[in-house]
Amino acid sequence: MSIYEPLTSNLEKRSIRILTLLPESLGYEIQTVLEIVGLDDGYQYEAVSYSWGPSTPKYRIKCNGISVEVYPNLFKALKRFRDPKDARHLWIDALCIDQSNVEEKNKQIPMMRDIYQRAKQTLIWLGEGNARTQAGLSMVPSFIHAQELRLRNNDSRPWHSLSHSDWERYHLPDPNLGHWNVYEAFAEVWASDWFGRVWIIQEQAVSSNCIIFCGVYWVSWETFTSIFDLFANLAIYRRMSGKQNAINNVMSLLVSRKQFSEGKLQPLMWHLTSHFGSQSTNPRDKIYALCGISSDTGPEGLNVRFDYGSEVSKIYTNIAILHLEKYRTFEILEVPRHMKRSGVDGLPTWCPDWSIQDALTAPLRINCLKEFLDDFSPQTFVDSDWYNYDSGKGSVPCFSVSADHRRLMVRAVRVCRLEFVGELCDLKDADPPKATPQESGTYFKEKLDRLKRKGHLFQHWAYDIARTKKESLYPTGESMLDCFAITLIAGTHQKHSIVIKYFQHWWKNFLMLGRLPDNLILSAIYIQMWSSFRTFSSILKFKHSHIETQSIRSANAQTYDQLIAVCNQRRLARTDNGLLALVPGPAMKGDEVVIFAGGKAPFIVRRRMETPLQTCGSEFAFVGEAYVYGIMNGEAFDTTRLEDITLI
């Protein structure tokens, strides 16, 4: 027997279901009632935002007198939200939408933006937590009090610069003396599954009032996020192995909420790229969850239609085609490509696979993120410093899509091939650790080995690929080492002379990483000196804390940030005509560098070899965007060499 009655959904009356959670006084068993109301009728309810979590073991509750199964995390949330005496009216997606009814999902899920926006408040359930998260949340009053004292004293210094007496005056443990436990405990709250879920980006952004619940503790969203700067500034995330994304997830939510409240909606492509690593149970939701807060998904824009019955590959491909045709640019092809193979059957190589749930590196064209960075950071560079590639020399895009939506035909110039391809740069948890000789030897040695690997990698790139020791001049006549320096940051800053100056100082220090002694004490001393750079991989994760920016005191550190951003999950390559290129992780020897008519950055493609060349000589698999020093301003774009190629 079903608990659901049919809903009506039309322009005049949009119906939703509300779950009434009956009070605890009626018995130990959780009892609920579903009723149909009009979304536009002003019905008072609270929306619940949570992570579905594991599907087993199942728990049973009563709904409309019928026993139904729910996931463990939802069951615990219902227990926490149940009032001892009064009924509570809630909207919960798992129960208020018939998840087995595709047609109903196609109509109800597009309404979720309005559902959360019209709720009197949103209850955010992080789960029951553990002893550490409970200890961290118990410190919230102390953190707030410390901030109030600082405001009273007009103390605007970065948290990390405070002296021991300052920490005592603000009644907080001094992290410089190794008292990290309380800060790490609170930071673990950010590492909750909820923060990595794609749907919560919209849910919290549009909600007028949010309250966070974790076990027995609760705190308002404003209070919770007001102490964010403290933890961002202390770079707690660098000490939490495997949880470095936590601070970036929080930053992402702050930005999306701020933008929505100010009416500054961003295009769907901006959200898709910024939240690439967000998690979803259904891969279709990587698109649909972001439509409600995007500026261009309505009828006058991309006109995205929800269809949970459609194949994932078809949805992703349609979005790519809609974007190509609407904007007449190749921006959709500039989405960084991941080393993981696509898990979506039938997806063309030129179409991004949004189902991959790992954060990517930044797009090569850092200026694409300029509006985002300006939201939360002081202007590091003036507008003219942000570099726009124009490898297509201002030409007009020329492309078409096959009737079956499998092939993308473009006009392109084939420039050169990759002759030498370096090792993959994997900068996960690559920031120098905030380590001291007193820390665990095992922990420190692991961090030390990781740092030494980074030193070896960049030396390999410099000496084996760029050949900076053997060749002093680049094909353009410039210094090979200088061109290497610009390539590492993908030319994102136009003032090359400044970048080279920063690089020379940074390079001398960075080379030491490959020569660190095995003696842990000596290495620790060096790493403490290195940590004075105060580097942060903010652009890498598409986030930029203004406190982090203020704490980056040297231009060398800024350059290092850019280096991390564009090198991660990429390789350095050298072409058959001697050019240096920063290429996608999946690139390999023999791949070709091409420039599309109307393209901004060059692309890497791979000739299809499954069938004889004479039958498909123009068919290529798409590998990804590239930065190739010396051809980014149209130097290699010769219209007489344009030819038709097909991406499959």
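Each residue takes its place number in the sequence, starting with 1. Just so it is clear, the model here is predicted, and its values are computed rather than measured.
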Report task. Take Arg608 and Phe620 through the test side-chain contact (heavy atoms from CB on, under 4.5 Å) and record every step on the way to the result. Result -> CA-CA 5 Å; Arg608 182 179 177 185; Phe620 294 84; over 6 Å; no

Query raised in the report: Between Leu347 and Thr317, is a side-chain contact (heavy atoms from CB on, under 4.5 Å) present by the stated rule, with each step listed?
Result: CA-CA 7 Å; Leu347 192 68; Thr317 305; 3.8 Å; yes

Query - Audit row: Arg574, Glu419, side-chain contact (heavy atoms from CB on, under 4.5 Å) steps and yes/no - result: CA-CA 6 Å; Arg574 187 184 177 105; Glu419 187 172 17; 5.8 Å; no

Query raised in the report: Yes or no on side-chain contact (heavy atoms from CB on, under 4.5 Å) for Val628 and Ile631, after CA distance, side-chain angles and deciding distance?
Result: CA-CA 6 Å; Val628 185; Ile631 66 170; 3.6 Å; yes

Requested in this report: Check the pair Glu643, Arg414 against salt bridge (charged side-chain N to carboxylate O under 4.0 Å, His left out), reporting the backbone distance first and the verdict last.
Outcome: CA-CA 8 Å; Glu643 60 181 281; Arg414 295 162 65 180; 3.3 Å; yes

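Residues Arg407 and Glu619 are paired through a salt bridge, judged by an N-O separation under 4.0 Å between the basic side chain and the carboxylate. With salt bridges taken as basic N to acidic carboxylate O contacts below 4.0 Å, none links Glu592 and Arg606. Contact check on Lys326 versus Asp296 returns no salt bridge, with no Lys/Arg side-chain nitrogen under 4.0 Å from an Asp/Glu carboxylate oxygen.
Within the 4.5 Å cutoff, the side chain of Met588 has no heavy atoms near those of the Leu418 side chain. Counting only heavy atoms from C-beta outward, the side chains of Trp354 and Val344 never approach each other to under 4.5 Å. The closest side-chain heavy-atom distance from Ser395 to Thr639 is not below 4.5 Å. Taking 4.5 Å as the limit, some side-chain heavy atom of Thr468 sits within range of a side-chain heavy atom of Tyr463. Under the 4.5 Å side-chain criterion, counting only non-hydrogen atoms from C-beta, Ile332 is in contact with Pro352. Side-chain contact between Phe420 and Lys589 is absent, with no heavy atoms from C-beta onward closer than 4.5 Å. Looking at Ile604 and Pro584, their side chains come closer than 4.5 Å, going by heavy atoms from C-beta outward. With contacts defined as side-chain heavy-atom distances shorter than 4.5 Å, the pair Asp591/Arg417 does not qualify.
Phe484 and Phe503 have perpendicular rings, their planes meeting at more than 60° on a 0 to 90° scale where under 30° would count as parallel. Between Phe603 and Phe622, the ring planes are tilted. Angles from 30° to 60° get that label. Classification of the Tyr629-Tyr474 ring pair by plane angle, with boundaries at 30° and 60°, yields perpendicular.
Of the inter-residue distances, the one linking Trp350 atom CH2 with Leu647 atom CG reads 8.5 Å to the nearest 0.5 angstrom. Put simply, NZ on Lys600 and NZ on Lys393 are 14.0 Å apart, with the number rounded to the nearest 0.5 Å. Between atom CG of residue Leu324 and atom CG of residue Leu333 there is a gap of 6.0 Å, rounded to the nearest 0.5 Å. Interatomic distance, NE2 of His271 versus CD of Gln266, reported as 6.0 Å (0.5 Å rounding). Here the SG-CG distance, from Cys425 to Leu582, works out to 8.5 Å after rounding to the nearest 0.5 Å. Rounded to the nearest 0.5 angstrom, Gln259 CD and Trp270 CH2 are separated by 4.5 Å.
Contact between Ala587 and Val583 at its shortest, heavy atoms only, is CB-CG2, 3.7 Å. Residues Leu572 and Thr487 share a closest heavy-atom pair of CD1-CG2, 3.9 Å. For the pair Val421 and Ile465, the tightest heavy-atom approach, listed with the atom from each and the gap, is C-CD1, 4.0 Å. For the residue pair Pro602 and Ser391, the shortest heavy atom distance occurs at N-OG, 3.6 Å. Minimum heavy-atom separation, Val623 to Pro586: CG1-C, 4.1 Å. Leu290 approaches Ser294 most closely through the heavy-atom pair O-OG, 2.6 Å.
Panel note: side chain Arg411, backbone Ala597; no donor-acceptor pair is recorded below 3.5 Å. A donor-acceptor distance shorter than 3.5 angstrom exists from the side chain of Thr349 to the backbone of Ile648, with no hydrogens or angles considered. A donor-acceptor contact shorter than 3.5 Å is absent between the side chain of Glu334 and the backbone of Leu364. Side-chain atoms of Arg571 never come within 3.5 Å of backbone atoms of Ala581 as a donor-acceptor pair (strictly under, hydrogens ignored). Formation of a donor-acceptor pair under 3.5 Å by the His460 side chain with backbone atoms of Glu423 is found in this model. Distance alone, capped at 3.5 Å, is enough to place a donor-acceptor pair between the Arg570 side chain and the Val566 backbone. Although no hydrogens or angles enter the test, the distance criterion places no donor-acceptor pair under 3.5 Å between the side chain of Asp638 and the main chain of Val413. Under a 3.5 Å cut-off, the side chain of Glu635 and the backbone N or O of Asn633 do form a donor-acceptor pair.
Within 6.0 Å of CG in Asp345 there are 12 or fewer heavy atoms belonging to other residues, nucleotides or ligands.
You'll find the ring centres of Phe399 and Phe596 outside the 6.0 Å limit.
For the pair Lys286 and Phe276, the distance from NZ or CZ to the six-membered ring centre is under 6.0 Å and the angle to the ring normal is within 45 degrees.
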